[in-house]
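Here's the structure we're looking at; comments come further down.
Positions are given from 1 along the sequence.
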Amino acid sequence: LYDVTQRFSEALELYKTNASILEKIGKTQTDSYAKTLEGIASNLMRMGQFKEAEKIFFTCLKNDNFKELYEYGFLLRNSEIFLSYEKSIIYLNESVEFFEKRCIPIYEGHSRVSLAMNYARIGKLDKALEEINIAEKLLSNETIEKFIYLVDKSIILLYINFEENINVLK
């Protein structure tokens, strides 16, 4: 609720309190703790504290105990929040592999959509189209997800069309 109402400092305090409780009771190797740290980092980003958020992100990535937790795949996908488009691509690929290995096509599809858009943003349009087409196959039977990949596919196709038209004008 605090996130929705943009009361980020209050949300941050709740996440920090939750983290402290989980640490005191020895529950730092759980999805709940991973989600809590992700919530802390996310709220720090919203408050403009980018370096602190990035530090938490990398702390989570380095924690070997998180790597088998379900939440780890989401952490990898959320790299696009904390890193540049180009730097996040390696983690987005890892997120795709994480969900693909666990046979969770809807989340694999979400990760592929994010990956496609980052490829498009850095001008790797062939890779972007390849990823969005795979995402389309994974998400085509999902109502809400269908609209997500269709909008993003349209954007990628616009980038491609724009680039082709620029090359014609040269």
| query | With a 4.5 Å limit on heavy-atom distance, are the side chains of L157 and L129 in contact? | reply | yes

| task | May I ask you to decide if the ring planes of H110 and Y107 are parallel, tilted or perpendicular, using 30° and 60° as cut-offs? | result | tilted

| field | S111 side, atom OG; I106 side, atom CD1 - distance, nearest 0.5 Å | value | 11.0 Å

| message | Side chains of I132 and V113, heavy atoms from C-beta outward: is any pair under 4.5 Å? | response | yes

| To the nearest 0.5 Å, what is the distance between NZ (K35) and CG (L22)? | 12.0 Å

| CD-CZ distance between E145 and F147, expressed to the nearest 0.5 angstrom | 11.0 Å

| message | Give me the atom names and distance for the closest heavy-atom approach of A41 to I56. | response | CB-CG2, 4.0 Å

| request: Output the distance between atom NZ (K62) and atom CZ (F57), rounded to the nearest 0.5 Å. | output: 11.0 Å

| query | Is the distance between the ring centroids of Y72 and F99 less than 6.0 Å? | reply | no

| request: Write down the atom of C60, the atom of F66, and the distance for their closest heavy-atom approach. | output: O-CD1, 3.6 Å

| query | Atom CG in L115, atom CD in E94: separation rounded to 0.5 Å? | reply | 11.5 Å

| Can you name the nearest heavy-atom pair linking A120 to A128, along with the distance? | N-CB, 3.6 Å

| said: Run N93 and L76 through side-chain contact (heavy atoms from CB on, under 4.5 Å) and show every step you take. | reply: CA-CA 8 Å; N93 271 310; L76 292 166; over 6 Å; no

| message | Can you tell me how far apart CE (M45) and CD (E54) are? Round to the nearest 0.5 Å. | response | 8.5 Å

| request: Taking all non-hydrogen atoms of both residues into account, name the closest pair between G73 and S95 and its distance. | output: O-OG, 2.9 Å

| query | Would you find more than 12 non-hydrogen atoms of other residues, nucleotides or ligands less than 6.0 Å from E86 atom CD? | reply | no

| field | Over 12 non-hydrogen atoms of neighbours within 6.0 angstrom of CD1 in I122 | value | yes

| field | Any L92 side-chain heavy atom under 4.5 Å of N118 side chain | value | yes

| Is K127 salt-bridged to E131, cutoff N-O under 4.0 Å? | no

| Do the side-chain N and O atoms of K153 and N133 include a donor-acceptor pair separated by under 3.5 angstrom? | yes

| note | Between Y91 and S79 the two heavy atoms that sit nearest each other are CB-OG, 3.3 Å

| said: If hydrophobic clusters are built from ILVMFWY residues whose side chains come within less than 4.5 Å, do I40 and L75 share one? | reply: yes

| According to a 4.5 Å side-chain heavy-atom criterion applied to Ile, Leu, Val, Met, Phe, Trp and Tyr, with indirect links allowed, do Y119 and L125 form part of one hydrophobic cluster? | no

| task | Output yes when E68 and R102 qualify as a salt bridge under the 4.0 Å nitrogen-oxygen rule, no when they do not. | result | yes

| remark: Partner of T36 under side-chain hydrogen bond (donor to acceptor under 3.5 Å, both in side chains), picked from T17, T28, N18, D31, is N18

| task | Say whether L37 and I21 are linked into one hydrophobic cluster, either directly or through other cluster members, by side-chain heavy-atom distances under 4.5 angstrom. | result | no

| Is there a chain of hydrophobic side chains (I, L, V, M, F, W, Y, each step under 4.5 Å between heavy atoms) that links F8 to L44? | yes

| said: Looking at K67, I want to see if its NZ is surrounded by more than 12 non-hydrogen atoms of other residues, nucleotides or ligands under 6.0 Å. | reply: yes

| query | Is atom CD1 of I25 surrounded by more than 12 heavy atoms (other residues, nucleotides or ligands) closer than 6.0 Å? | reply | yes

| Are any of the side-chain heavy atoms of E136 and Y149 separated by less than 4.5 Å? | yes

| said: Test side-chain contact (heavy atoms from CB on, under 4.5 Å) on L69 and T30; report intermediate values, then the result. | reply: CA-CA 7 Å; L69 296 176; T30 63; 5.6 Å; no

| Is there a path of hydrophobic side-chain contacts, each under 4.5 Å between heavy atoms of I, L, V, M, F, W or Y residues, that connects Y85 with I90? | no

| message | Under 3.5 Å, is there a donor on one side chain and an acceptor on the other for E38 and Y15? | response | no

| Heavy-atom neighbours of Y70 OH exceed 12 at 6.0 Å | yes

| said: Quick one, E100 and R112 - any side-chain contact, counting heavy atoms below 4.5 Å? | reply: yes

